[in-house]
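Have a look at the structure below, then the notes.
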Amino acid sequence: MSDEEHHFESKADAGASKTYPQQAGTIRKNGYIVIKNRPCKVVEVSTSKTGKHGHAKCHFVGIDIFTAKKLEDIVPSSHNCDVPHVNRTDYQLIDISEDGFVSLLTDSGDTKDDLKLPTDESLLKQIKEGFAEGKDLVVSVMSAMGEEQICALKDIGPK
Amino acid sequence: MQGFSDGGADLGQLQTTMRNIEVACTSIQMHINPAAAEATILSLSQSPQPYMACRFILENSQVPNARFQAAAAIRDAAIREWSSLSTEERRSLISFCLCFVMQHASSPEGYVLAKVSSVAAQLMKRGWLDFTEAEKETFFYQVNQAILGAHGIDVQFIGVNFLESLVSEFSPSTSSAMGLPREFHEQCRTSLELNYLKMFYCWARDAALSVTNKIIEPNAVIPEVKVCTAALRLMLQILNWEFRNDTTSMKAGIDVFSAGVRHDNGSSKRSECVLVQPGPAWFDVLISSGHVSWLLGLYAALRQKFSREEPYFLLWIDPPDVVSKAIEEGKSESEMLDGCRALLSIATATTPFVFDQLLKAIRPCGTLSLLSTLMCEVVKVLMTNNTDEETWSWEARDILLDTWTILLVPTDGSGGDALLPPEGKHAAANLFSMIVESELKVASASVTNDDGDSDYLQASISAMDERLSSYALIARAAIDVTIPLLTRLFSERFARLHQGRGIIDPTETLEELYSLLLITGHVLADEGEGETPLVPTAIKTHFADIAEAEKHPVVVLSGSIIRFAEQSMDPEVRATVFSPRLMEAVIWFLARWSHTYLMPLEETNCLSNDYQQHHSVNSKKALLSFFGEHNQGQVVLDIIVRISVMTLVSYPGEKDLQGLTCHHLLHTLVRRKTICYQLVSLESWRNLANAFTNEKSLFLLSSANQRSLAQTLVLSASGLRNSETANQYVKGLMAHMTTYLVELSNRSDLKSVAHQPDIIMSVSCLLERLRGAASAAGPRRQRAMYEIGISVMNPVLHLLEVYKDESAVVYLLLKFIVDWVDGQISYLESRETAAVIDFCMRLLQLYSSHNIGKISISLSSTLLSEAKTEKYKDLRALLQLLSSLCSKDLVDFSSDSVEAAGINISQVVFFGLHIVTPLISLELLKYPKLCHDYFSLLSHILEVYPETLAQLNSEAFVHIIGTLDFGLHHQDLEVVDMCLGALKALAAYNYREICAGKTGLVSAGLGNLPEGIFSRFLRSLLQLLLFEDYSPDLVSAAADALLPLILCEQGLYQKLGNELIERQTNPALKSRLANALHSLTSSNHLSSRLDRVNYQRFRKNLNSFLNWQNKRNGWFRFLWSFLNFSMHLEALLLVV
C-alpha cells in the first residue's frame, strides 16, 4: 500500500493521474486494484479479523491485467488502497505486419504502430483471416499505469 | 472345464470332487497357483445342479474352507437355478442347511456355520413369496425349538444366529443381491415386518430371559453369555429395522404410548444415532411387558459380576461421575456412549413424563435427573480438556443434547412447551447453568488460542445454531430460574468491564459477553424464518406472580442488554469495549429480540382480551405491552436506530457488522407496519435518511449494504399515512442520485473522466442505491420510483455507452433497469408503457451492438472465464427484462389496456429476443440458470404468441429452432419439459392455421430449411420416446407435443410408422407393432381435434404404447439405428 504523499503527488497532475486512493472495504470483485505496483483485476475478496476482537482486513487476489500474474495483498479494510485508472480506447485495424505488430488508426487520423497482437495461434489466425476477408475490425486497447495492451477485438462489418 | 454336476454321481466321483476342492482351498491359503484354484472353486458353483457334491463336501470334508466354499456354491447355484428347481428341491436345500447348522452347532469353525446359516436365510428369502405359510411354519418351528433351548446352548445360539442373518437379508440396506427387481425385496421386507418381526423379537427376548438367571449366578461358566449376546444383538437389529408401515389406525387403543411416539425422526441430526421407530403396534412387546426393567436389572447384575473384569458388553452410565472419571482414566468410552444412545432411544419413544418415571422403580430419582447429572459430567469433562479434537465427550454431549431436544420439543403442534415434573425442572436448571458456565469458559479460553482468523458471526451462529436452540429448550424448561441466572451473569460482566476499563485487558470478558448474547438471544426469542415469531410459550405462561412490568425478569434482562448496547454510542467506551465482533453479537441480538418483543402484534390482541382477569394473562400483558407502541417501545426503537446509524458510520470497513445492521436489524424493523409508523416520525431515522443522501461515509458501505440500506429507507415510507407524502419522501431520498447521474452524463468530458476510479465508484454506488430503491417500489411509492427511473433513462444509455468495457458497471446498469421495470410495468398506463418499452429496446440494441462479434483477449484464463461469466450474467438480466415486459400482458393494473395505445407486447418481446438470441450461444446455454431462464421465456412466448414467430427473419428463426432442439436433448427435466411445451404450442398453432385454410408456419418464408421444422421435430421426438432414455415424468408433456406434430405431419408419421413395421422381420411382432402403432392413433376415440379431451386420450394411448414398446426396446433400438442408417444412405444417393 502506498502512503499519503504519493496520492498528493498523483493528484497534482489532475486528469492524468495513474492511481486513485480508495477504501479497501469498498473494492469489490471485478474491480481494479494496485498490488505490488501492478494494476490488477480483483478476482477474489475475502474479509477476516485481525485477532478475535480486532478490526476487519481484506484479502485481495488480483490478476495483473497485462501479465496475467496472480498477486495477493492483505489490507485493513478501513485503510486506503490504490486503484489504477484503467482506460480503454477503440481503434480501427488497418494492417497486421508479419511479426505480429498491428497498425491502428487513431481518432485524429494518425496511425499507431507500437502494439502487438496476442501470441495465441488460433486467435491470430482468426484475426488474420478476418482481416484478409476485408472485415472491419475494431481493436480495443487497454491502458493503465503507463502500459497498454490489446484487450478485445470486434467485427463491426461488413455491412 | 470339468464340471461338478450331480448327474449319475457315485461315491468315487463325489470324493474326487471333494478332494479337488480341498486341494484348491489349501492352495489358495498357501498362495500356490491361486488363479487355478479359484477357477476350480468357481467351476463348482457354476456347474449345473452341484448340490449333491456340495452336501457331500459339507458333511465329509475335514477342511473347513472347503465346507465354506461348498456352502457358497449351494447359494450361487440355487439362486441361479431357482426357477428351474422343483418345490421339493427348494425345500430340501433349505432344510438341509438348517439341519446342518443345528447338527454341527458345537463345531469350532463358527464361520462355516455362519455361512451355511446365511445361505439358508438367503434361500429362504429367495423362495419367500412362493412358499406357503405352512411351509414357512415348518422351518420356523424348527428354529423356534432351537431358540427355546430344547437342544442345548449351542443350538440355541445357532437359532438366534440364523434369525439374525434372516433379518439382515430382509432389510433392504443389508440384503444381498439376487438378480431380482426391487419390488421383490420390498415385498419380502413388508411381509417380514408385518408378520414375523415381532415374533422374532419375542423369541430373542425369551432366549435372553432363559439364560439370564444363569448368567447372573456368580460362578456360572460363560457359554450362556454367547446366547444372551446374540439374542440382544438380534433384538437391537430388529429395533433398528427401518419400519415403514405406520399403522396409525392401531394407535387409538394405546393411550400413553401413542401420545409419546414421535414421528419426527429428523430432529436428531447431530448424533448419528438411529432412532427406534417400530410404531405403536409394538407397544405391548416393548413397554408393557416390563422387560425394560429386566434389561436394566440385567445390566446392574452384570456390572456387579464383572466389576473386577473388563466390561463385558455394556457398562451402565450410572453413576455418571464415576463413569466419566473412569473413561478419562483410559477406559473405553463406547459403553458409555451406548448408554447415552439408549437414553436417546428411550426418549424417542416416550413423553417427558413417562421418561422420567422409567427408572423410579429402581432408583430414588427420575430419569431426567440422571440425564441432567450425566450431561453435567460430560460438560465438566468438556470444560477441563478443551481441545479441537472431537473426543468422546463431544459425542456424548451431542447425543444427550439430542435426547433433551427430543424430550422438550413440543410435539402436539400447538406450540406449547413440554411440561416437566418439578424435579425435572430442577434438573434442567442445573444443567443449563452448567452449560452456560462451560460455554463461558470455552469463550474466555478461546481468546488465548487465537489463530488470527476468527469465524464470522453468522457462520458461527449457524454452526452452533442447533446446539444453541437445544440450550434454549433446556433453559425454557426451567425459565423462572434461567432468566434471572442470565441477568446475573450479564450484570457481573458489565460490572467487570466497567471497573477494569483501561486497566485489564477486556478481551476475555468480551468473548464471554459474545457467547452470552448468542445464548440469551436463543432463549428469549425464536428465529422467525420469514414469519413473525411469537413470544415463546414458556415465557408467556410463567412469571404469573409478576404484576409490575418493570420487574418482569424478561424485561429486566432485555433492559440491561439494551442499556449496555446503548453505551456503544460513547466513542470512548466504543473504542475500549465494543469491538466489531462484540458489536456484531449486539446487533444480532437486537434484531432477533426486536422481531419478537418490539411493538409486538400480539399486544393488540392481548389488550382486547380484557375480560380475562387471570394472573398469567396479566403478566403476559405486562410483558407484551412494556415494549409496545404506547410504552417504552418508541424509546427502545430510537436507541436501536441510533446504534444502527453508529455502526454504519463509526465502524469503517467492517463489512460484516454493517451487513448485519443493514440486512438483519434494519430489515427486521421495516418489515412491520407498526414499527414503520414510529420510524418515520423519529428524529434519528430522519438523521439516517439525511446521512444517506449527504454523508460521504455512507458511500463507503459495500455494494450489497448500500442496496439494502436504500431498500430499507424506501420501505419505511410505508409508515407514512398517504401515498402523496410517501412519494415525496422517496423523491427526497433519491434526488441526490438522479441529479448526480444526469449531471455526470451531460458533462462534455464524460468520456475522459468516466473511467477515473473515483467516478466509477460513485456511479456504482448510486446505481446500487437506485437498484435497492427500485426493488422496494410498492403501490404507494410507485409514482416516485417511476419518475426517478424516467429521469435517469438517458443517463443510463449514456453510461452504458461509456462504460461498455467496464463489465461491473454494465451489469449494475442492467440490473437496475431489470428491477425497476419489474417493479413498475404492471402499474404503467399505456403511454408510459410505450416509453418504457421504447427505452428497453434501445438499451437492448445498444448492449447488443457493443457485444456482438466481440472477442475478449487476455493472457489469463481466469480473466477470460470471468469475462464469460460476466456475459452470462448480463444476458440473464436481459432475459429477465424481457420476461418482465411479457408480464404486462398478464398482470396489468393500469386504467387503459396497452392494445389501445397500439402496443403489441408480443412483438416487443420478439424483437427483444431477436436482439438477444444471437448473443446466446449454445456454449452459454451450458450455464444452468441462463438455460433455464432462456427456455422458460421462450416457451412462454411460443405458448402465448406463436403467431409472431412467423415474423422473425429466417436466421433468427433457425437459431431459435436450433436452441429448441438443443433443449429437447437437455439433461434438465424442466428444460425438456419447457421445450416440449413450446413445441406443442407451435405445432398446435400450425395445425389450427392449416385447418383454417391458411398457410401455417412452414411456408411462411421459412421454407429454406432442409425439411419442414415439424417433420424434423416429429422425427426427433419419436426418436427420443422410442429409443432414448428419458424420464417417465416427461411422457405427458411429450404426448401433448406429439399429438399436434402427428396431425401436422400425418404423411411423414405414416411413412415412419410403415418403415418401422416393414423392417420388422418376425411376422408375429410385425403385426403386434402394427396394432400398437394403430391403436396409438385410433383407440380411445381419438379424433383430430386439439382440445383437452383429445389431449388426454392421446396421453393415455401414448402411455400404453410406450409400456408395450418398453418390453421390445432392445430390438427397437437396433431397428431404429438401421432405419437411420438407411435414410442417410438414401440421402447420400440423392446427393450423388
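Naming convention: chains lettered A, B, ... in sequence-line order (proteins, then strands); numbering from 1 in each chain. Basis for what follows: all heavy atoms, side chains included, without hydrogens, waters or symmetry-related copies.
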Given that the side chain runs from C-beta out, which part of [X] has a heavy atom under 4.5 Å from chain B: side chain, backbone, both or neither?
X	answer
A/Val61	neither
A/Lys70	neither
A/Val86	backbone

What heavy-atom pair brings [X] and [Y] nearest, and what distance separates the two atoms?
X	Y	result
B/Gly653	A/Ala56	O-CB, 3.9 Å
B/Ser703	A/Arg28	OG-NH1, 2.5 Å
A/Lys41	B/Ser807	NZ-OG, 4.0 Å
B/Asp656	A/Lys49	OD2-NZ, 4.4 Å
A/His53	B/Glu511	NE2-OE1, 2.7 Å

Is it true that atom [atom1] of [X] has more than 12 heavy atoms of other residues, nucleotides or ligands lying nearer than 6.0 Å?
X	atom1	result
A/Lys112	NZ	yes
B/His755	NE2	yes
A/Lys36	NZ	yes
A/Asn37	CG	no
B/Asp749	CG	yes

request  = Mind ranking B/Pro757, B/Ala808, B/Pro652 by heavy-atom pairs under 4.5 Å with chain A and telling me who comes out on top?
outcome  =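 It is B/Pro757.
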
query = Between B/Thr507, B/Leu582, B/Asp758, which shows the greatest number of heavy-atom pairs under 4.5 Å with chain A?
reply =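 That would be B/Asp758.
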
message = Heavy-atom cut-off 4.5 Å, strictly under: side chain, backbone, both or neither for B/Ser861 against chain A?
response =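 Neither part, no heavy atoms under 4.5 Å.
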
[X] [atom1] to [Y] [atom2] distance, which is reported to the nearest 0.5 Å:
X	Y	atom1	atom2	answer
A/Arg88	B/Lys804	CZ	NZ	10.5 Å
B/Leu864	A/Ile63	CG	CD1	10.0 Å
B/Ser702	A/Gln23	OG	CD	10.5 Å
A/Thr19	B/Gln756	OG1	CD	11.5 Å

query = Does anything in residues 867-875 of chain B get under 4.5 Å of chain A by heavy atoms, and if so which residues?
reply =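 So the qualifying residues are B/Glu870.
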
message = Tell me if a side-chain donor or acceptor on B/Glu654 pairs with a main-chain N or O of A/His55 at a distance below 3.5 Å.
response =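 No: the side chain of B/Glu654 does not pair with the backbone of A/His55.
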
With a 4.5 Å heavy-atom cut-off, do [X] and [Y] have their side chains touching?
X	Y	value
B/Leu863	A/Val43	yes
A/Glu44	B/Thr862	no
A/Tyr32	B/Glu806	yes

